[in-house]
Amino acid sequence: MKVASRSHQRGNIVLVLICVLTIFLCLFPMLHIAARSLSSSTALIRNEVTFWPKGWNLNAYRLVLRDSRYTISLVWTAFITVIGTCLSLVMTTLCAYPLVFDKLKGRKLINTFIIFTMYFNAGTIPMYLLLKDLGMLNKPLVLIIPYCLSVFNMIIMRSFFYTIPESLRESAEIDGAGPVTVLVRIYLPLSMPVIATLALFYAVGRWNGFSDALLFMNDRRYYPIQLLLYNIINAISSIETATQEGFSPPGLDETLKAATIMFATVPILVVYPFLQKYFITGVTLGAIKE
Amino acid sequence: MKKIPMPHGHHQIGGRGRRFRTYMSRYWTLYAMLALPLAYFTIFKYVPMTYIQIAFKKYSIVLSPWKMSLADNKGWQYFIQAFQNRDFLYALRNTVMLNLLDLVIGFPAPIIFALILNEMPFRRLKRFTQTVAYMPHFLSWIIIAGLALQLFAPNTGLVNVWLGKIGIGPIPFLNESKSWVATYILLGVWQSVGWNSIIYLAAITGINPTLYEAADIDGAGRMQKIRYITIPGIMNTIVVLLILNLGRILGSEFDRPFALRNALVNNVSNVISTFVYSAGIRGLQFSLTTAVGLFQSFVCVIFLLLSDAAAKRSGERGIV
C-alpha cells in the first residue's frame, strides 16, 4: 500500500512538470514577441531579447499607428469582424431554429440539403468563378457574405436547442405564442452560452481570415490585417516602404513585424479567456451529431 | 408524445387542404426564417457545383459553363493532364504525406494530453494549463508563421541561440525539407492539441465514477485504471474522431501550408490547395484546377464513406 502511494506521488510530480512545460511552450512565443516589439532594434540585432524588452521603447507601435495602411486595415478588419459575426449569428439562428420543430414538413429533406454541403463541396475555382460572375470579386462584400454560415456551427446551435425541453415550447404555443415569439422569449434567452460560443468562433474566424481575401480580393484598400501581416512578414511591402520613407536601420523591420503580430493577436487573446467557460459546452455539443 | 388538446378542434374537421392551411397559418414563419439560409446554401454551395462542368469542358471567359464545348478525350483531358503534371503529382504526394503524419502524430496527442490533464490532482494548475493550452488554437496561421520565423531563424532565432548554447548546431527548422516537415507537424500539434483535447475531457467526465471506486477497491493502480476504464470509456469518441480525420486524408487546409511555406522547401510544402491557388487563380488554368478540386472532393467523400462503413462494422456508431 505504501509503495503504491509513493509511486502515485511520483506520478503527480511528473504531471505537474508536464503542465508547467505545456504552459511554458504555449506562453513563451507570445511573451518573446511582445518583448521584441517593445525592444530597441539594436538590442534585437544583438540577440539580447528573451522575455523582457531591452532598450524599452514604443517606436514600433508608434510607426504602426502612424502608417495609415495599418490603421485602416485594423479598423476595416474590426468592422468586418463585427458585421460578419452579427450576420452569421442571425443566419445560424434562422437556420437552426426551424429545424428543431419535428412538425416542420420537409424537415428531413431540408436537413439533407444542408448537411450534404458539409461532405461535398465544389472547390475553390468554382467558388472563384461564381463570385466573378456575381460581380463580387474585389468588392468589400466578398469578405462578409460568401462564408457567413457554417453548417458545423448550425449543428452546434441546433443541438443546444434540442436540450431545451419541448414542453416549454408546447406550453407557450398553447398560450398562443407563434414560433417567432417562442424563439425570442424562450429559446434565445436560454441559449446565451451557445450564442457566446458561436460568436467567438465566428469572430475569431473573421479576425484570422485571410485566404478569402487572398483569393477574392485584389484591392489593397480592403486587405484585412492578416493578409497585410502576411505581406509584411514575407517582407513584400515593408522593405518597400522602409526604403521609400528613408528609414531602414536594420532591426527596425524586426520590431515592426513583432508589433504588427501583436496588433493582430491581442484582440483575440483579450477576449477568449472570458468566453472559455462557454465554448467548452459548444465544442462538446459539436461532437454530438445526429 | 403527449397529446395536446386543440382548443378549437382544427384537426377533426375539414379535409387535407384545410388542415394544410391551418398548418401553414401557424408555421409559415418557420419557412420564412429558412428562406435566407436556404438561399445562401443554394447560391454559395449548390450553384458552384454547376461550375464543376468546367473540369470537363474547354474553358471560355465569355460563355456560361453550360455552353462551353466538351474537352478532348470525351471530356477527361484535364484529369489526364493533371496526372501528367509534375507539380500536381508532388502536391498530391505532399498532401497525403503531411495528412498521414498529422494523423499518426497529431491524432493521439490530444488523447494523451486529455489523459494527463484528467489525472492532474491540483485543480487550479489544471485549469490554468487548460486555458493556456487552448490559446494557440485562436491564433491564425499567419501569426503562428510569424512567431515561428522569428523563433526558428537559423542564426538569430531564440531557439537556435539556446540550442547553440548547449552545443547543438543551428537546426534549419523551416529552411530544409526534412526539418520543415517535422516543424510543420509539430506546429500543428502545438496549435491544436489543447483544443482537440476538450472533446476527450468531456467524454471522460461522462464515465461512471463508480467504475473507478470499484477499481480502487480491487487495488488497481493509476495506469491500470487508465487502461481498463478511461480508455475504453472514451473509445467511441476516439473512433468517431478517427473516422472524421480519415475522411480528411486527402482534404487540404490552405492557411497552414501557405503561411509556412517558402522557396527553399517547395518540394514538400506544395499541397493540393496551394497548387490550386497558384495554377488556378494565379495561373488562370481554371479547367485543370477545377478537375483537381473535383478529384479531391470525390476522393474525400469516398474515404469518409469507407471509414464510416468500417466503423459501423466494428460495432461503433459511425457518423454519416
Side-chain angles (χ1 to χ4, degrees), chain A residues 4 8 11-12 15-16 18-19 22-23 25-27 29 32-33 47 50 91 94-95 97-98 101 104 110 113-114 117 119-130 146 149 170 174 178-180 204 208 210-211 215 226 229-230 233 257 261 264-265 268 272-273 276 280 283-284 287 289, chain B residues 4 26-27 29-30 33-34 36-37 40-41 44-45 47-49 51-52 116 119-122 125 128-129 131-136 138-140 142-143 145-147 149-151 156 158 161 190 198-199 202 221-222 237 254-255 259 276-277 280-281 286 289-290 293-294 296-297 301 304 319:
Chain A
H8 197 84
N12 283 348
L15 290 171
V16 169
I18 293 173
C19 281
T22 309
I23 292 168
L25 286 178
C26 292
L27 283 186
H32 178 59
I33 289 293
N47 279 327
T50 320
M91 290 289 274
L94 289 181
C95 190
Y97 176 68
F101 289 75
L104 187 83
I110 295 170
F113 183 79
I114 293 168
T117 63
Y119 295 104
F120 185 83
N121 72 70
T124 311
I125 301 298
M127 190 66 171
Y128 176 83
L129 294 173
L130 170 78
L149 178 50
E170 280 165 356
I174 290 168
V180 180
V204 169
N208 282 343
F210 88 103
S211 53
L215 298 167
Q226 305 287 340
L229 178 62
Y230 175 80
I233 287 171
K257 278 182 197 174
I261 293 177
T265 317
I268 291 169
Y272 109 92
Q276 191 189 340
I280 292 173
V283 179
T284 320
K289 292 201 299 169
Chain B
I4 305 151
R26 186 157 188 85
Y27 289 116
T29 40
L30 293 179
M33 284 185 204
L34 277 170
L36 219 51
Y40 167 82
F41 285 112
F44 292 107
K45 302 286 169 187
V47 175
M49 289 181 200
Y51 286 71
I52 287 175
I116 289 170
E119 292 299 320
M120 183 70 202
F122 310 109
L125 182 60
F128 185 64
T129 311
T131 308
V132 172
Y134 300 153
M135 186 201 70
F138 292 94
L139 306 180
S140 76
I142 303 298
I143 291 170
L147 296 176
L149 280 173
Q150 307 223 347
L151 282 168
T156 54
L158 191 59
V161 171
W190 180 78
I198 295 178
I199 284 175
R222 196 199 301 259
T237 312
F254 178 79
D255 292 17
V276 168
Y277 169 70
I281 288 177
F286 292 134
T289 41
T290 306
L294 178 61
Q296 191 183 19
S297 296
V301 171
L304 204 68
I319 44 158

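Keep in mind that the numbers below use all heavy atoms, side chains included, and drop hydrogens, waters and symmetry copies. Every chain is numbered from 1 and lettered A, B, ... according to where its sequence line falls, protein lines coming before strand lines.
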Kindly compute the distance separating [atom1] ([X]) from [atom2] ([Y]), expressed to the nearest 0.5 Å.
X: A:Ile125; Y: B:Tyr51; atom1: CD1; atom2: OH; value: 13.0 Å
X: B:Met33; Y: A:Met91; atom1: CE; atom2: CE; value: 13.5 Å
X: B:Ile142; Y: A:Leu229; atom1: CD1; atom2: CG; value: 7.0 Å
X: B:Gln296; Y: A:Thr124; atom1: CD; atom2: OG1; value: 8.0 Å
X: A:Asn121; Y: B:Ile52; atom1: CG; atom2: CD1; value: 8.5 Å
X: B:Leu34; Y: A:Ile114; atom1: CG; atom2: CD1; value: 6.5 Å

Mind listing the closest non-hydrogen atom pair of [X] and [Y] along with its distance?
X: A:Ala264; Y: B:Ile143; value: O-CD1, 3.7 Å
X: A:Leu15; Y: B:Arg222; value: CD1-NH1, 3.5 Å
X: B:Trp190; Y: A:Leu25; value: NE1-O, 3.1 Å
X: B:Thr29; Y: A:Pro179; value: OG1-CG, 3.5 Å
X: A:Cys19; Y: B:Met120; value: SG-SD, 3.7 Å
X: B:Leu304; Y: A:Tyr119; value: CD2-CD2, 2.8 Å

- Task: Any chance you could lay out the side-chain contact (heavy atoms from CB on, under 4.5 Å) test for B:Tyr27 and A:Leu104, step after step, and finish with the verdict?
- Result: CA-CA 8 Å; B:Tyr27 289 116; A:Leu104 187 83; 5.6 Å; no
[X] portion near chain A, given a 4.5 angstrom heavy-atom threshold:
X: B:Val161; value: side chain
X: B:Leu36; value: both
X: B:Phe254; value: side chain
X: B:Phe122; value: side chain
X: B:Thr156; value: both

Do the side chains of [Y] and [X] get nearer than 4.5 Å, heavy atoms only?
X: A:Phe210; Y: B:Asp255; answer: yes
X: B:Leu30; Y: A:Tyr97; answer: yes
X: A:Val16; Y: B:Leu125; answer: yes
X: A:Phe120; Y: B:Leu294; answer: yes
X: B:Leu139; Y: A:Asn208; answer: no

Pick one of side chain, backbone, both or neither for [X], based on which atoms fall under 4.5 Å of a heavy atom in chain B.
X: A:Val204; answer: side chain
X: A:Gln226; answer: both
X: A:Ile18; answer: side chain
X: A:Ile268; answer: side chain
X: A:Tyr128; answer: side chain

- Query: Mind checking what makes ring pair (Phe, Tyr, Trp, His ring centres under 6.0 Å) contact with B:Phe44, not counting sequence neighbours?
  - Reply: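 By the ring pair (Phe, Tyr, Trp, His ring centres under 6.0 Å) rule, B:Phe44 matches B:Tyr40.
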- Which residues pass the side chain to side chain donor-acceptor pair (under 3.5 Å) test with A:Thr50, sequence neighbours left out?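 Testing A:Thr50 for side chain to side chain donor-acceptor pair (under 3.5 Å), a comparison that skips the adjacent residues, returns none.
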- Message: Test your reading of the model: is there a side-chain donor-acceptor pair from B:Tyr277 to the backbone of A:Leu215, 3.5 Å cut-off?
- Response: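 A pair under 3.5 Å: no.
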